[in-house]
Amino acid sequence: MRNLRKELTPEEQKSAAKALKINISQVIKDPKNARVGTYISNDGEPSLDYVFQWLWQNKATPFLPILHPFTQVHLLFQRYEENSPMTTNRYGILEPELNCSHVSPVAALDFILTPLVAFDSQGNRLGMGGGYYDRTFAQIPPDASHRPKLIGVAHQCQHLDALPVASWDVPLDYIVTPERIYCPHR
Ligand SMILES: Nc1nc2c(c(=O)[nH]1)N(C=O)[C@@H](CNc1ccc(C(=O)N[C@@H](CCC(=O)O)C(=O)O)cc1)CN2
Ligand SMILES: Nc1ncnc2c1ncn2[C@@H]1O[C@H](COP(=O)(O)OP(=O)(O)OP(=O)(O)O)[C@@H](O)[C@H]1O
């Protein structure tokens with residue numbers, strides 16, 4: 001599945017990124033003041049470059065994942081601005097330089113756009129295998145009055161009929177591809 005997304009041509013990636021922005025704007029209907037977890041694409045993942053522009057233009061705030069400096073197995077979400085100082089993490093992925101005053105509690109985000117390796121129509125997500133997203137989502141208290149909507153972002157070729165589900169897997173509320181919007185639980 002990772003090879004499938006890596007084999008897309010630059011032209012295919014560009015048209016995917018444009019179509020994704022349109023579909024994501026159907027899910028994040030009211031972007032003004034929305035706090036949105038995002039990612040910087042890696043390894044053939046769909047680019048969010050058009051989504052970042054759309055979020056900034058519509059007064060939403062994107063946040064990027066940072067590998068937690070102490071636990072090593074959780075993600076921190078830090079505000080991302082066009083001029084944020086960046087560094088590369090141990091996987092070679094760009095992330096903002098840690099600035100604690102720009103970090104948001106994960107439960108305070110309104111939406112989290114998650115990259116994935118494969119998804120199914122039931123909202124199950126297969127990731128890179130580090131367990132970062134599931135461990136981070138598990139930190140949200142079950143009785144939290146506000147919880148982020150989880151939106152998987154993928155190329156259509158990452159769709160599978162059914163994925164195995166682990167006890168710790170947190171299901172996605174939506175999956176957005178350039179072609180379709182899946183709402184598994186509605
Ligand atoms: N763009 C992006 N950012 C992200 C993730 C992601 O999947 N995509 N993550 C989602 O969790 C976290 C980082 N997790 C990752 C886990 C493994 C690998 C990876 O490339 N693993 C290599 C082995 C490399 C090594 O061990 O040094 C591999 O599987 O080939 C990358 C990211 C946070 N940021
Ligand atoms: N809530 C959790 N608490 C403790 N361990 C967890 C939790 N979630 C995941 N893990 C651990 O993380 C490992 C990897 O999980 P999994 O294969 O589901 O990762 P993934 O979702 O593919 O990765 P990623 O989120 O980094 O893209 C699992 O073997 C599991 O032991």
Side-chain angles (χ1 to χ4, degrees), residues 1-8 10 13-14 16-17 20-21 24 36-52 55 62-80 84-99 102-107 109 111-120 122-144 147-155 157-160 162-178 184:
M1 296 308 281
R2 283 174 62 179
N3 283 336
L4 279 179
R5 68 181 188 192
K6 265 204 284 209
E7 282 161 8
L8 295 168
Q13 283 285 5
K14 186 164 184 180
L20 265 176
K21 184 212 93 177
I24 287 172
V36 184
T38 60
Y39 63 86
I40 301 274
S41 60
N42 175 54
D43 194 52
E45 293 164 350
S47 162
L48 295 183
D49 287 354
Y50 294 96
V51 174
F52 289 127
L55 291 172
F63 289 78
L64 281 176
I66 296 183
L67 303 182
H68 197 293
F70 306 135
T71 76
Q72 305 285 336
V73 295
H74 294 92
L75 300 174
L76 293 174
F77 281 91
Q78 182 169 309
R79 194 160 83 206
Y80 176 45
S84 295
M86 305 294 281
T87 177
T88 45
N89 67 24
R90 76 164 101 121
Y91 301 111
I93 303 174
L94 278 174
E95 58 176 45
E97 282 177 21
L98 181 61
N99 175 341
H102 292 176
V103 170
S104 171
V106 62
L109 299 174
F111 299 92
I112 301 179
L113 303 172
T114 72
L116 51 80
V117 172
F119 70 97
D120 67 22
Q122 292 76 53
N124 300 308
R125 166 183 182 276
L126 179 73
M128 292 293 276
Y132 292 100
Y133 279 98
D134 287 326
R135 283 201 193 81
T136 304
F137 297 154
Q139 294 176 312
I140 303 172
D143 58 350
R147 44 178 57 243
K149 292 275 182 239
L150 308 182
I151 308 176
V153 179
H155 297 290
C157 62
Q158 293 170 261
H159 179 252
L160 290 177
L163 283 173
V165 186
S167 57
W168 58 79
D169 281 335
V170 181
L172 299 166
D173 297 298
Y174 301 89
I175 301 104
V176 180
T177 74

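Everything quoted here is computed from the prediction, not taken from an experiment. Atoms considered below: every heavy atom in the structure, side chains included; atoms not considered: hydrogens, waters and symmetry mates. One-based numbering, in listed order, for ligands and for the atoms of each.
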Who's the nearest protein heavy-atom neighbour of [atom], and how far?
{"atom": "atom 14 (C) of ligand 2", "answer": "G129 O, 3.3 Å"}
{"atom": "atom 24 (P) of ligand 2", "answer": "G131 N, 3.6 Å"}
{"atom": "atom 26 (O) of ligand 1", "answer": "Y91 CE2, 4.3 Å"}
{"atom": "atom 12 (O) of ligand 2", "answer": "R135 NH2, 3.3 Å"}
{"atom": "atom 28 (C) of ligand 2", "answer": "W168 CZ2, 3.3 Å"}
{"atom": "atom 2 (C) of ligand 1", "answer": "E45 OE1, 3.5 Å"}
{"atom": "atom 12 (C) of ligand 1", "answer": "Y132 CD1, 4.0 Å"}
{"atom": "atom 21 (O) of ligand 2", "answer": "R125 NH1, 3.2 Å"}

| request: Could you pull out all residues at least two apart from Q13 that satisfy side-chain hydrogen bond (donor to acceptor under 3.5 Å, both in side chains)? | output: H155
| field | Counterpart residues, side-chain hydrogen bond (donor to acceptor under 3.5 Å, both in side chains), relative to D134 (two or more places apart) | value | none
| request: Examine ligand 1 and decide if any of its atoms is less than 4.0 Å from a heavy atom belonging to P115. | output: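 Distance cut 4.0 Å: P115 passes for ligand 1.
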| message | Does the residue R90 have a heavy-atom contact with ligand 1, meaning some pair of atoms that are separated by less than 4.0 Å? | response |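 Not so, R90 does not reach ligand 1.
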| Any N/O of A138 closer than 3.5 Å to an N/O of ligand 2? | no
| N/O separation below 3.5 Å, G130 to ligand 2 | yes
| Are any of the N or O atoms of Y39 closer than 3.5 Å to those of ligand 1? | no
| message | Any nitrogen or oxygen of I40, side chain or backbone, less than 3.5 Å from one on ligand 1? | response | yes
Which ligand 1 atoms are under 4.0 Å away from a heavy-atom of [X]?
{"X": "M128", "answer": "7 (O), 16 (C), 17 (C), 18 (C), 19 (C), 20 (O), 31 (C)"}
{"X": "Y133", "answer": "9 (N), 10 (C), 11 (O)"}
{"X": "L75", "answer": "33 (C)"}

| Between the candidates E95, R2, R135, which shows the shortest non-hydrogen contact distance to atom 30 (O) of ligand 1? |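 Comparing heavy atoms across E95, R2, R135, the nearest one to atom 30 (O) of ligand 1 lies in R2.
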| query | Taking atom 34 (N) of ligand 1 as the point of reference, which of P65, G131, S47, S41 owns the nearest heavy atom? | reply | P65
| Is atom 18 (C) of ligand 1 less than 4.0 angstrom from at least one protein heavy atom? | yes
| query | With a 4.0 Å cut-off, would you call R5 and D43 a salt bridge? | reply | yes
